[in-house]
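Here's the structure, in structure tokens; my notes come after.
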Amino acid sequence: MSSIPWQDRPENSKDVMWRYSENPIINRYAIPSSNSIFNSAVVPFGDGYAGVFRCDNKAVQMNIFAGFSKDGINWDINHEPIEMKSGNTEMIESAYKYDPRVVWIEDRYWITWCNGYNGPTIGIGYTFDFKEFFQCENAFLPFNRNGVLFPQKINGKYAMLSRPSDNGHTPFGDIWISYSPDMKYWGEHRLVMKPSPFEQSAWQCTKVGAGPIPILTNEGWLMIYHGVINTCNGFRYAMGSALLDVDSPDKVKYRTQPYLLGPAEIYEMVGDVPNVVFPCAALHDTEEDKLAVYYGAADTAVAIAFGKLSEVIQFTKDNSL
């Protein structure tokens, strides 16, 4: 695999995370049919990277597309959406697909997304090569969003974070964890994290949801997440981080009171949905102490931010609620 995307911290910056100077890395019209490309997931693959991208077309139909890159910055995205075959079920109905996450577990790449089946729920699929894809049973009943798998089994079971919701633009949302013996049947649902009290940390007082695949560190599972405040101008999404217990990830050890990154640049504040920083993927290099987080900007384009992994962990501990 090539070295993960990286750009050094700008001179005179003291921010724990900083934006790539050439953001956004994928614009809304990167493929002929697209109205917007955002909230997408990438993983190391071969000598570069592969990804699953949310591309809304010009009818604003939501679907997921595969793409490839040598450097994690410049992407070739397929012009046709992913076609699913039957995996562990014959029921692969899907009215829409959006906000994917991707993770390698054991012997294949697993994909989760918000799947349209009588309302939003968590779709699950897998691929070995990002050319042929297999759809499995939905994980949960509607309504649910932000399904994020852990990269390894926990106590012998697959584990997934999610955010139960309702059928619209949910004015609430907690992070939960669920377990499965086989990626088909899910249970043992446990609450992980609620929105914060307004007085303590207003940027995440309306709802929270898991972002990229959690990263195993010496301090616990590093969970990058989004938090939302409902302002007089609508929802505002920003990015925070938490450390979860390694063996019992429903236990939050630390959680950022200030956000890591909030909408401030024009491409984050202006777009189809203004004022959104929505993280969906992260690449990390422990030896080089590097973290690269991919995020959707204003529900319109894909951007990337960088940080030192050790600094993000320390910031989370030093600035915890």
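Both backbone and side-chain heavy atoms feed into the values below; hydrogens, waters and symmetry mates do not.
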If Ile, Leu, Val, Met, Phe, Trp and Tyr residues are connected whenever their side-chain heavy atoms lie under 4.5 Å apart, and connections chain through other members, are [X] and [Y] in the same group?
{"X": "Leu161", "Y": "Leu216", "answer": "yes"}
{"X": "Leu283", "Y": "Val277", "answer": "no"}
{"X": "Val148", "Y": "Val103", "answer": "yes"}
{"X": "Phe133", "Y": "Val43", "answer": "yes"}
{"X": "Ile105", "Y": "Ile177", "answer": "yes"}

Can you give me the closest heavy-atom contact between [X] and [Y], atom names plus distance?
{"X": "Ser40", "Y": "Val302", "answer": "OG-CG2, 4.1 Å"}
{"X": "Cys114", "Y": "Pro120", "answer": "SG-CB, 3.4 Å"}
{"X": "Cys205", "Y": "Ile229", "answer": "SG-CG1, 3.9 Å"}
{"X": "Pro249", "Y": "Ile154", "answer": "CG-CD1, 3.4 Å"}
{"X": "Leu244", "Y": "Val192", "answer": "CD2-CG1, 4.1 Å"}
{"X": "Ile73", "Y": "Pro5", "answer": "CD1-CB, 3.8 Å"}

### Task
Compute the centroid of each ring, for Trp221 and then for Phe150, and state whether the two points are separated by less than 6.0 Å.
yes

### Query
Between Phe53 and Trp75, is the gap from one ring center to the other below 6.0 Å?
yes

To the nearest 0.5 Å, what is the distance between [atom1] on [X] and [atom2] on [Y]?
{"X": "Tyr295", "Y": "Ile224", "atom1": "OH", "atom2": "CD1", "result": "13.0 Å"}
{"X": "Ser33", "Y": "Glu80", "atom1": "OG", "atom2": "CD", "result": "7.0 Å"}
{"X": "Arg145", "Y": "Thr112", "atom1": "CZ", "atom2": "OG1", "result": "14.5 Å"}
{"X": "Leu291", "Y": "Ser310", "atom1": "CG", "atom2": "OG", "result": "10.5 Å"}
{"X": "Ile4", "Y": "Glu288", "atom1": "CD1", "atom2": "CD", "result": "7.5 Å"}
{"X": "Lys317", "Y": "Tyr254", "atom1": "NZ", "atom2": "OH", "result": "5.0 Å"}

### Query
With sequence neighbours left out, what residues match Glu287 under salt bridge (Lys or Arg N to Asp or Glu O under 4.0 Å)?
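Once residues adjacent in sequence are excluded, Glu287 has no partner under the salt bridge (Lys or Arg N to Asp or Glu O under 4.0 Å) criterion.
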
Within a reach of under 6.0 Å around [atom1] of [X], are more than 12 heavy atoms found that belong to other residues, nucleotides or ligands?
{"X": "Glu83", "atom1": "CD", "answer": "no"}
{"X": "Asp289", "atom1": "CG", "answer": "yes"}
{"X": "Phe128", "atom1": "CZ", "answer": "yes"}

Please confirm whether the backbone N or O of [Y] pairs with a side-chain atom of [X], one donor and one acceptor, at under 3.5 Å?
{"X": "Asn144", "Y": "Gly147", "value": "no"}
{"X": "Glu219", "Y": "Ile313", "value": "no"}
{"X": "Asp182", "Y": "Tyr185", "value": "yes"}
{"X": "Asn115", "Y": "Ile122", "value": "no"}
{"X": "Trp203", "Y": "Gln257", "value": "yes"}
{"X": "Lys58", "Y": "Pro32", "value": "yes"}
{"X": "Ser34", "Y": "Ser36", "value": "no"}
{"X": "His226", "Y": "Gly209", "value": "yes"}
{"X": "Thr256", "Y": "Ser320", "value": "no"}
{"X": "Tyr294", "Y": "Gly72", "value": "yes"}

### Message
side-chain hydrogen bond (donor to acceptor under 3.5 Å, both in side chains) for Asn23 and Tyr267? Distances and angles first, verdict last.
### Response
CA-CA 8 Å; Asn23 274 344; Tyr267 53 85; 3.1 Å; yes

### Task
Give me the ring orientation class for Phe134 and Tyr126: parallel if the planes are under 30° apart, tilted from 30 to 60°, perpendicular past 60°.
parallel

#### Entry: Whether Phe306 and Trp18 hold their rings parallel, tilted or perpendicular, with breakpoints at 30° and 60°
tilted

### Task
Mark yes or no: Lys153 above the aromatic ring of Tyr158, with NZ or CZ under 6.0 Å from the six-membered ring centre and no more than 45 degrees from the axis.
yes

Is [Y] close to [X] at the side-chain level, that is, under 4.5 Å between some pair of heavy atoms?
{"X": "His284", "Y": "Lys290", "value": "no"}
{"X": "Ile215", "Y": "Thr217", "value": "yes"}
{"X": "Glu311", "Y": "Arg9", "value": "yes"}

Are [X] and [Y] within salt-bridge range, i.e. N to O under 4.0 Å?
{"X": "Lys194", "Y": "Asp174", "result": "yes"}
{"X": "Arg28", "Y": "Asp56", "result": "no"}
{"X": "Glu268", "Y": "Arg236", "result": "no"}

### Message
Taking ring pair (Phe, Tyr, Trp, His ring centres under 6.0 Å) as the criterion, tell me which of Trp104, Tyr109, Phe65, Tyr49 meets it with Phe130.
### Response
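For Phe130, the ring pair (Phe, Tyr, Trp, His ring centres under 6.0 Å) test succeeds with only one of Trp104, Tyr109, Phe65, Tyr49, which is Tyr109.
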
### Fellow cluster residues of Val276, listed by chain then number, with links counted only when side-chain atoms sit under 4.5 Å apart
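Via sub-4.5 Å side-chain contacts, Val276 links to Val228, Phe235, Tyr237, Val273, Phe278.
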
#### Entry: Inter- and intrachain pairs under side-chain hydrogen bond (donor to acceptor under 3.5 Å, both in side chains), touching residues 242-253, at least two apart
none

### Task
Could you check Asn146 against Arg101 for side-chain hydrogen bond (donor to acceptor under 3.5 Å, both in side chains), going step by step and ending with a plain yes or no?
CA-CA 8 Å; Asn146 298 301; Arg101 275 75 164 184; 3.1 Å; yes

### Query
Are Gln7 and Ser21 linked by a side-chain donor-acceptor pair shorter than 3.5 Å?
yes

### Query
Does the side chain of Gln204 pick up a donor-acceptor pair with the side chain of Tyr225 at under 3.5 Å?
yes

### Task
Apply side chain to side chain contact (heavy atoms under 4.5 Å, CB included) to the pair Trp113 and Thr121, showing each step before the final yes or no.
CA-CA 8 Å; Trp113 65 88; Thr121 184; over 6 Å; no

